[in-house]
Amino acid sequence: MKKTILFFILLLISSCEIPYDGEKRHVVNVRVLNSDGNPITNQYVEVNSHNSRGWFDSYSNLDLITYGKTNNQGELTLIFPSSDTTFNVNFGNYYDNNVIYLRTSLDNLRLDNFDNFKIDLNPIILYKLEELTTLTIDLVHSAPQTILRNIKVEGYTSYDPFYFNPIPIEESYYPQTEFKIVKNKNFVLTYIVKDLNTSIESTYTVSLTVANDPISYTINY
Amino acid sequence: MRNYLVLIIVFIGTSIFAQSQPKWESQFRFEFIRPIAFGNNSISKSHDNKSGFGFNWSLIEYEKFRLGFGSSFITFGVIDKSKAGNFDRTNYNTISGVLSYDYKINDKFILVPYISIGGVTLKQRATDIRNSTQDGTEYKIGLHTDYKLGKSFVIYSKVSYAYSKLNITTAPEYEKFFGQAQQIQIAIGLKL
């Protein structure tokens with residue numbers, strides 16, 4: 001009995017470790033600029049893999065595999081051992097309370113996005129919090145046979161996350177309804193409504209202008 | 001390459017020993033190692049030098065030559081996580097074949113030059129969270145200075161140069177950075 005318990009404890013402990021391939025190393029080059037085009041020095045950047053730490057960490061499903069800070073040219077090279085999964089690149093530390101720039105995330109980076117084990121993210125523009133305002137989408141679901149498939153905001157926007165590769169949209173998809181948007185700019189809001197009876201998807205595009213104050217927009221579907 | 005050098009060591013060893021009868025003569029060394037990594041590589045630039053230990057077991061003796069094997073376990077601390085990854089330490093573990101030669105200076109001192117070749121494994125770890133493994137080949141040349149304290153009790157110091165060629169696939173500009181390591185290793189130990 002003791003041996004059985006010990007075996008399962010060892011199995012549990014060993015399953016908590018995330019293995020990486022140290023014989024393959026991937027390189028992420030970043031250059032981070034502000035909205036004036038000047039380099040941001042000392043900007044924290046990290047790469048996470050979508051690995052869980054076994055039973056204990058299945059909740060977060062992210063593993064911080066490398067991090068660093070940009071030099072005075074706003075440049076940073078991050079290198080990490082390979083893993084057969086996807087990655088995200090975060091600009092900004094989630095635990096930093098003295099945030100100047102909006103924390104931005106580039107998600108769903110796959111190994112096939114790397115060219116010869118290297119990818120250049122150049123440049124990444126970060127906006128100060130004071131440069132941004134909020135767009136809130138109010139959803140009014142009045143037709144039961146329809147679902148909202150996707151909401152995208154294109155233009156001078158900064159939102160979390162941006163996906164390298166599109167992620168599959170499930171029927172249970174709940175769209176992002178709050179976006180950080182640069183003040184005094186025009187932008188385009190796009191959303192898709194799917195009719196479940198006919199399976200027809202209709203794409204809607206709206207051009208909007210934002211001033212200094214937060215705005216809201218209502219989608220009826 | 002590793003196979004060729006193993007063959008060379010075995011060939012030299014057997015050539016020497018073939019001239020007359022070698023004898024089984026067990027000699028054991030245990031040592032504490034202080035590595036000094038250098039060069040433009042990950043071990044040198046992204047780690048600090050910590051310490052380790054090793055042992056060497058000579059099994060066959062012919063006149064002044066000895067043939068045996070050794071192993072070492074050295075830890076390097078990760079200081080640049082942007083290059084080495086989010087690990088706490090890198091364990092540098094080796095197991096090698098060793099050919100040495102005893103050059104007696106006087107009744108107290110013996111100089112023991114040696115060469116070795118074997119496998120190296122770099123195991124990166126962050127406590128109970130993540131790990132990575134990288135294998136390669138280590139070539140080493142060095143010199144023991146043995147000092148006889150008693151009839152069968154010897155202390156020694158050792159200086160070695162170790163070059164490791166590591167398996168790596170990465171962006172071309174980082175192949176050398178992750179594909180090799182160089183160290184001077186200083187050790188003190190006991191010979192039994």
Side-chain angles (χ1 to χ4, degrees), chain A residues 9-10 12-30 42-57 60 62-71 75-85 87 89-90 111 114-120, chain B residues 1-2 37 40-47 74-94 119-138 164-181:
Chain A
I9 289 172
L10 287 172
L12 194 61
I13 291 170
S14 63
S15 67
C16 294
E17 284 205 6
I18 300 169
Y20 289 87
D21 184 354
E23 297 185 355
K24 292 178 184 171
R25 304 268 172 171
H26 292 269
V27 180
V28 177
N29 290 320
V30 300
N42 227 22
Q43 173 66 42
Y44 176 87
V45 186
E46 67 182 27
V47 176
N48 295 279
S49 71
H50 286 274
N51 277 309
S52 67
R53 297 171 195 169
W55 183 78
F56 288 115
D57 198 41
S60 69
L62 284 175
D63 186 52
L64 175 61
I65 185 57
T66 180
Y67 60 85
K69 291 189 173 181
T70 56
N71 62 16
E75 297 167 341
L76 174 64
T77 296
L78 294 169
I79 305 175
F80 57 94
S82 187
S83 178
D84 189 18
T85 184
F87 301 86
V89 185
N90 290 333
L111 294 181
F114 288 78
D115 181 14
N116 206 7
F117 288 84
K118 187 171 71 173
I119 189 167
D120 295 328
Chain B
M1 183 67 178
R2 178 169 58 181
N40 186 27
N41 56 73
S42 175
I43 290 292
S44 169
K45 299 294 185 186
S46 307
H47 297 74
I74 300 170
T75 298
F76 294 89
V78 174
I79 55 172
D80 184 356
K81 297 189 177 189
S82 68
K83 301 294 183 296
N86 186 19
F87 297 96
D88 299 326
R89 62 190 185 278
T90 298
N91 296 328
Y92 181 98
N93 303 330
T94 67
V120 58
T121 297
L122 270 63
K123 190 89 172 176
Q124 291 191 287
R125 298 187 74 92
T127 308
D128 296 336
I129 299 174
R130 66 190 68 85
N131 66 67
S132 83
T133 303
Q134 183 179 16
D135 293 326
T137 306
E138 185 198 63
S164 302
K165 183 164 176 52
L166 303 166
N167 303 335
I168 189 67
T169 309
T170 186
E173 59 266 42
Y174 288 100
E175 282 177 353
K176 283 188 177 176
F177 189 76
F178 290 103
Q180 61 175 355

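Side chains included, hydrogens not; waters and symmetry mates left out as well; all remaining heavy atoms used. The structure displayed is predicted, hence computed values, not measured ones. Chain identifiers are assigned alphabetically (A, B, ...) following the order of the sequence lines, protein sequences preceding nucleic acid strands; residue numbering begins at 1 within each chain.
Shown here for A/F117 and B/A171, the closest heavy-atom pair between the two residues is CB-N, 3.6 Å. Scanning all heavy atoms of the two residues, the minimum distance from B/I168 to A/R25 falls at CD1-CG, 3.4 Å. Of all heavy-atom pairs spanning A/G68 and B/S82, the tightest one is CA-CB, 4.3 Å. Nearest heavy-atom pair across B/D135 and A/E23 is N-OE2, 2.9 Å.
Here A/N116 contributes atom CG and B/E173 contributes atom CD; the two are 8.0 Å apart, rounded to the nearest 0.5 Å. If you take OG1 on B/T170 and NE2 on A/H26, they are separated by 7.5 Å, rounding to the nearest 0.5 Å. Atom NZ of B/K81 sits about 16.0 Å away from atom CD1 of A/I79, to the nearest 0.5 Å.
For a residue to count as touching a neighbouring chain, one of its non-hydrogen atoms must lie under 4.5 Å from one of that chain's; by this rule A/P81 touches chain B with the side chain only. Looking at B/A84, the atoms closer than 4.5 Å to chain A (heavy atoms on both sides) all sit in the backbone: N, CA, C or O.
Ranked by heavy-atom pairs under 4.5 Å with chain B, the list A/L76, A/V27, A/V45 is led by A/V27. Note: A/T77 leads A/D21, A/T77, A/V28, A/D115 in heavy-atom pairs under 4.5 Å with chain B.
In this structure, the side chain of A/T66 does not engage the main chain of B/N86 through any donor-acceptor pair within 3.5 Å.
By the side chain to side chain donor-acceptor pair (under 3.5 Å) test, B/N93 pairs with no residue at all, sequence neighbours left out.
For B/K83, the NZ atom sits in a packed shell: over 12 heavy atoms of surrounding residues, nucleotides or ligands are nearer than 6.0 Å.
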